[in-house]
Amino acid sequence: MYSLTEGALDKIMNGVEVEKPILQILGHKKLSSSSSGERYRLLVSDGKRVNSFTMLATQLNSMITDNILTEFSICQINRYAISMVNNGGKQKRVMVILNIDMKVPGEQVGQKIGNPTNAEPDGDSKSTPGQSAQTVQQGSLMPKYNVQQTSTSDIATTPIVALSPYHNRWVIKARIVSKSGIRTWSNSRGEGKLFSMDLVDESGEIRCTAFRDQCDKFYDMLEVDKVYYISKATLKSANKQFNNLKNDYEMTLTGDSEIIPCHDAGNDIPSLQFDFIPISDIEQKQANDLIDVLAIVKSCSDLQMLVSRNTGRDMKKRNVNLVDESNIMVCLTLWGTQAEEFNRSDNPVLAIKGARIGEFNGGKNLSTLSSTVIQIDPDIPAAHKIRGWFNTLGHNEETKSLSRTFENMSESTGSLITFAEAKANNLGEKGVDVYTVKATINLLRSENALYRSCPSENCKKKVIDQANGMFRCEKCNKEYPNFNYRLLGNVSLADWTDNLWVTTFNDEAEKILDATAPELGELKDNDNDVFLEKFGSATFKSFIFKIRAKMETFNEENKLRTTCIGIIPIDYRAYNKHLIAKIKELTGIDNA
DNA sequence: CCCCCCCC
């Protein structure tokens, strides 16, 4: 049987280091007020005193959730740090447990050892015995951390979990687990550039940002996966809207900040802390939540190029279907170079930190952000476990996907709906809805079908003829000597239940015009409006249209805007005369 | 002091 280290708590709470004390756990409490995820506060005893100013480092949370640190269990505290907190206007010491071994499980001990009483750990003079008085006095003059030294260096470091804006004399020893590129900004308050990085040590994690001069000074020397000593940076409250790390604070480098590479870092600084959730849990999460998942790539799409309707920018994306042992699938969208480079059909395991949950068409999906970290086939036990599951069972399993994508919509049978159903279900009125219909084109509107657009690569805005040989783009705020003609297709689609005006842009407009009106009319230039004099008449060929419907406000009025975002020609002979007659009757349009 | 992170 282990005996408890009697007197350890009094010493620790008065700033005296105690080597690997043996303590008994008497209970725990989840702190719900923390905005930085779950934290656990422990009630511990050394047989003489009980102490509730004890916290568990967040990466040890699983020892509570997995029922390891149960009531009465006897544990050895291998490493701890003292953090000063403000408790009702008073500085109070809190012991943060960084490394703990369970020695005897609670059910074997079965009872409280000894008759411990409440400790008075805050250095009240009457409870402060001689040897610690000096420490306490120092502490009141200048906040000081009492931290065990790291094993391999002479620099006394502070655990990240103990950092706060109220203290500035600290050195952390941390690993860079991710680093952004350099980004510039320009707004009403000024302009500049910045990069940010995420730091971890064995106690926790924190985001660190460098602006302007510091950006230049530090960017090149800092490498992902390497360990550094960092000091003299400032701390401020983290904005949880943009920062998902488990820390209430974030760090900003200043002109005084010092960063020194640590070449002899052993395994004491972890690489990256994940907080994996099963894919099946994503369904219950909110859109925009950031999550970590460990999953197998079940399939992955080709690289897709598209033009953002909002910004006009060209984008590259790739969809990746992920599964885990919950046997639920979710679609993850990769962007830019990450999408380009990720072309794998070999079912790698991905450990993903900080993917964002999105909502589309009533399904949930994941998307990467610039801060998302993806490790491919990480060498961790959980990754080997999921690999084993996939190789033996998972690869054969039928999988249900949480995501609604074009791919899995047109695959599944019965996904076609009619316009009557779309209207009856108010599709597009509560956000973006995408659906597929089998329909025909019964009318093309020729006005503005062809317009003069901005010639700059990422802009599609209509230009204004300045009558001096120049064309002005309001969006780019620039004049150009040239322009590009672009297509805008306004078509009335009809099926046997109803009809709908739909707008098509660019590629989709071309596809529709190619398919239905190959003999484009003459170009006419009438002041600033360019239009086609006549279209070839639409024939009653049928197509599968992918429709994007969304209620939007224009001219201060809410209007349903429907856009065609995909078109698949199908054999027009499938349409019979009866159907054509029905469409004519319904729409009053006779193009035949 | 940023805070953008996209598409259907």
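In what follows, chains are A, B, ... by sequence order, proteins preceding strands, each numbered from 1.
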Inset, instruction - Could you say whether A:R183 or A:R212 is positioned toward the 5' end of DNA chain B, judged by the nucleotide with the nearest heavy atom to each? - result: A:R212
Inset, instruction - Specify the residue among A:S371 and A:E359 whose closest nucleotide of DNA chain B lies further upstream toward the 5′ end. - result: A:S371
Residue-phosphate contact under 4.0 Å: [X] side-chain N/O, [N] OP1/OP2:
X      : N     : result
A:T252 : B:dC1 : no
A:R356 : B:dC6 : yes
A:R189 : B:dC2 : yes
A:N187 : B:dC1 : no

Looking at [X] and [Y], does any basic side-chain N land under 4.0 Å from a carboxylate oxygen?
X      : Y      : result
A:K179 : A:D198 : no
A:K364 : A:E283 : no
A:K353 : A:D292 : yes

Legend entry - Euclidean distance, A:N321 CG relative to A:S403 OG, rounded to 0.5 Å: 7.0 Å
Inset, instruction - Please confirm whether any donor atom in the side chain of A:Q338 sits under 3.5 Å from an acceptor in the base of B:dC5, or the reverse. - result: no
Inset, instruction - Using the aromatic ring of A:F360 (for Trp, its six-membered ring), decide whether it stacks on the base of B:dC8 within the limits of 5.5 Å and 30°. - result: yes
Inset, instruction - State whether the aromatic ring of A:W185 stacks on the base of B:dC2, taking stacking to mean ring centres under 5.5 Å apart and ring planes under 30° to each other. - result: no
Inset, instruction - Please confirm whether the backbone N or O of A:T333 pairs with a side-chain atom of A:R318, one donor and one acceptor, at under 3.5 Å? - result: no
Legend entry - A:S370 side chain, from C-beta outward: closest of B:dC5, B:dC1, B:dC7: B:dC5
Inset, instruction - Output the single nucleotide from B:dC3, B:dC8, B:dC6 whose closest atom is nearest the side chain of A:V434. - result: B:dC8
Inset, instruction - May I ask you to check whether A:W185 and A:F211 place their ring centers less than 6.0 Å from one another? - result: yes
Legend entry - Proximity of A:F471 and A:Y480 rings by center, below 6.0 Å: no
Could you state the [atom1]-[atom2] distance from [X] to [N], rounded to the nearest angstrom?
X      : N     : atom1 : atom2 : answer
A:F242 : B:dC3 : CZ    : P     : 8 Å
A:K316 : B:dC6 : NZ    : P     : 18 Å
A:L366 : B:dC5 : CG    : P     : 17 Å
A:F195 : B:dC2 : CZ    : C1'   : 13 Å
A:I182 : B:dC2 : CD1   : C1'   : 14 Å
A:L194 : B:dC4 : CG    : P     : 12 Å
A:F545 : B:dC8 : CZ    : P     : 18 Å
A:N243 : B:dC5 : CG    : P     : 17 Å

Inset, instruction - Kindly state which residues belonging to residues 215-224 of chain A come within less than 4.0 angstrom of DNA chain B, counting heavy atoms of the residue only, listed by number. - result: none
Just call it for [X]: base, sugar-phosphate, or nothing, with non-hydrogen atoms closer than 4.0 Å on any strand.
X      : value
A:S367 : sugar-phosphate
A:Q214 : nothing
A:K236 : base

Legend entry - Atom NZ of A:K217: over 12 foreign heavy atoms under 6.0 Å: yes
